[in-house]
Structure formats: structure tokens, C-alpha cells
Amino acid sequence: MSDCSKIYVDACCRIPNAHLKDRIGFGKSACGVLIIDDKNNEYEFSKYLGDKTVPGAEFEGLIFALDKASEVLKRNQAVEVWMDSELVVKWMNKEYKLHQPHIKPLYDQATSLSQRFVSITYYHHSRETEFAKRADRIADNEYKKHQK
């Protein structure tokens, strides 16, 4: 058993023609969340996010995850958040300065939600880790439900 809970978050954002120069920066997106509490109980959540930029989808996923975590976790414990978005992790850890005005309200909301816990630490992990793959699968399944 761990003395802290872990939140694994992933967002998928499918941007048409993402490989082309001057592409549109918005795509359909969804997020997946895996929460493992200090007693190793697991909780899975997902949400369709609609049209977002990649950073917007990652932040919306983080906001959703923190909100859901506050429903299932005790507030008097340490929480670790694991994401494959190095950019969002560095913003939340204040390693990078936030310059995008459209992302600032999302950052502020995530920061506010993080105060629901006694402590919170953000970590970047590879997309290849077991928990990253699980969060990705949850997000992908939610995304597929909304595509026709």
C-alpha cells in the first residue's frame, strides 16, 4: 500500500491533417482518468471534451481528473498526478511560464482544484508505462463513443 493516491490522466485530441503545415489546431478530444487510492482501490472516469487544442484538452482532462479525485479521495493525503503531457506538468510545477492567454483560465482552475488536497505533485511519464496506457485506453474508448 502507498501512503498517497495516484491520478493518471490522458487526453486524446485528434486533429485532422495534423502533419500538414498551417493545419487547424483544433480536434475532437476526450480524456481518461485512472485513480488509485492509498488502499489500492481503482476508479476509472472519462469525459468527451469536444473541439479543443492539444494543450486545452490536456488541461481539461486534468481539471476533470482533479474534480473526480476530490469525490473519491480523502483530502488529508498526498496526491501524485501523472501525465504524458510534459508541457502541462512543467506549467503546473511552475518550471515553464505560461504565455498563452487562452490557457491561463484552465491553469487557474486546475491550480484551484489542486488546493483540495493536502499536497499535490505533478509528474511526467512516458506514454509507454502501464498506467499511461490504461489512461490512454480509457480516453480512447470515450472518444470512440462519440465518433460516427
Side-chain angles (χ1 to χ4, degrees), residues 1-20 22-75 77-93 96 98 100 102-117 119-148:
M1 263 192 292
S2 173
D3 59 347
C4 76
S5 297
K6 294 178 175 53
I7 304 169
Y8 300 91
V9 187
D10 191 36
C12 65
C13 183
R14 309 275 163 70
I15 299 173
N17 301 315
H19 64 289
L20 300 176
D22 298 326
R23 63 167 164 66
I24 298 172
F26 287 82
K28 305 285 184 211
S29 59
C31 66
V33 178
L34 172 64
I35 299 171
I36 303 174
D37 71 14
D38 58 342
K39 294 181 178 31
N40 283 327
N41 297 310
E42 295 185 4
Y43 307 88
E44 292 184 3
F45 301 99
S46 61
K47 181 179 180 182
Y48 185 70
L49 303 171
D51 287 335
K52 303 285 177 198
T53 63
V54 173
E58 294 287 355
F59 259 114
E60 292 277 355
L62 174 59
I63 289 164
F64 177 72
L66 293 172
D67 192 44
K68 288 298 181 184
S70 70
E71 294 175 10
V72 298
L73 300 177
K74 295 174 264 175
R75 294 179 184 223
Q77 67 178 272
V79 174
E80 293 179 358
V81 175
W82 291 83
M83 301 179 73
D84 66 6
S85 173
E86 187 175 11
L87 182 60
V88 172
V89 168
K90 287 186 180 278
W91 276 333
M92 292 306 295
N93 285 331
Y96 285 174
L98 186 63
Q100 288 84 352
H102 68 284
I103 296 293
K104 178 82 166 86
L106 299 173
Y107 169 84
D108 291 342
Q109 189 174 0
T111 300
S112 177
L113 287 169
S114 69
Q115 294 172 3
R116 292 180 177 180
F117 305 100
S119 74
I120 191 163
T121 309
Y122 294 90
Y123 296 99
H124 173 255
H125 63 169
S126 161
R127 292 179 181 173
E128 299 307 312
T129 66
E130 172 193 351
F131 295 116
K133 287 180 181 180
R134 286 183 62 189
D136 177 67
R137 206 168 19 255
I138 296 165
D140 194 52
N141 288 339
E142 184 67 28
Y143 176 85
K144 287 176 182 174
K145 286 185 209 174
H146 296 272
Q147 303 312 304
K148 300 237 184 216

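All residue numbers refer to positions in the sequence shown, counting from 1.
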How long is the span from the [atom1] atom in [X] to the [atom2] atom in [Y], to the nearest 0.5 Å?
{"X": "F26", "Y": "C13", "atom1": "CZ", "atom2": "SG", "value": "9.0 Å"}
{"X": "I7", "Y": "D37", "atom1": "CD1", "atom2": "CG", "value": "11.0 Å"}
{"X": "L106", "Y": "D108", "atom1": "CG", "atom2": "CG", "value": "9.0 Å"}
{"X": "M92", "Y": "L98", "atom1": "CE", "atom2": "CG", "value": "10.0 Å"}
{"X": "E142", "Y": "F45", "atom1": "CD", "atom2": "CZ", "value": "12.5 Å"}
{"X": "C31", "Y": "E60", "atom1": "SG", "atom2": "CD", "value": "8.5 Å"}

If you define the side chain from C-beta out and look only at heavy atoms, does anything of [X] sit under 4.5 Å from [Y]?
{"X": "F64", "Y": "S46", "result": "no"}
{"X": "H125", "Y": "Y8", "result": "yes"}
{"X": "L66", "Y": "I120", "result": "yes"}
{"X": "K90", "Y": "H124", "result": "no"}

Expected output: side-chain [X] to main-chain [Y] donor-acceptor under 3.5 Å:
{"X": "S112", "Y": "Q109", "result": "no"}
{"X": "S5", "Y": "D38", "result": "yes"}
{"X": "N93", "Y": "Y122", "result": "yes"}

Kindly indicate, with the supporting measurements, whether the criterion side-chain hydrogen bond (donor to acceptor under 3.5 Å, both in side chains) is fulfilled by E58 and S85.
-> CA-CA 7 Å; E58 294 287 355; S85 173; 4.6 Å; no
Verify the neighbour count for atom OH of Y96: are there more than 12 heavy atoms of other residues, nucleotides or ligands below 6.0 Å?
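Not more than 12 within 6.0 Å, no.
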Output, in order, the C-alpha distance, side-chain angles, deciding distance and verdict of salt bridge (charged side-chain N to carboxylate O under 4.0 Å, His left out) for R116 and D67. CA-CA 9 Å; R116 292 180 177 180; D67 192 44; 3.0 Å; yes
Of the non-hydrogen atoms in [X] and [Y], which two are nearest, and what is the gap between them?
{"X": "G56", "Y": "T53", "answer": "N-OG1, 3.0 Å"}
{"X": "A57", "Y": "A11", "answer": "O-CB, 3.5 Å"}
{"X": "G61", "Y": "L49", "answer": "N-CD1, 4.3 Å"}
{"X": "V9", "Y": "L62", "answer": "CG1-N, 3.8 Å"}
{"X": "I35", "Y": "A65", "answer": "CD1-O, 4.3 Å"}
{"X": "A139", "Y": "G32", "answer": "CB-N, 3.3 Å"}

Exercise. Does Y43 have any ring pair (Phe, Tyr, Trp, His ring centres under 6.0 Å) partners at least two apart in sequence or in another chain, and if so, which?
Worked result: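 Result, ring pair (Phe, Tyr, Trp, His ring centres under 6.0 Å) vs Y43: none returned.
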- Can you name the residues that form a side-chain hydrogen bond (donor to acceptor under 3.5 Å, both in side chains) with D51, not counting sequence neighbours?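 K28.
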Is the NZ or CZ atom of R14 both under 6.0 Å from the centre of the six-membered ring of Y143 and within 45° of that ring's axis?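 R14 over Y143 ring: yes.
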With sequence neighbours excluded, what pairs up with E71 under the salt bridge (charged side-chain N to carboxylate O under 4.0 Å, His left out) test?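 Counting only residues at least two positions away or on another chain, E71 forms a salt bridge (charged side-chain N to carboxylate O under 4.0 Å, His left out) with K68.
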- Message: Check for me whether the distance between the ring centres of W82 and Y123 falls short of 6.0 Å.
- Response: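 Judged by ring-centre distance (under 6.0 Å), W82 and Y123 do meet the cut-off.
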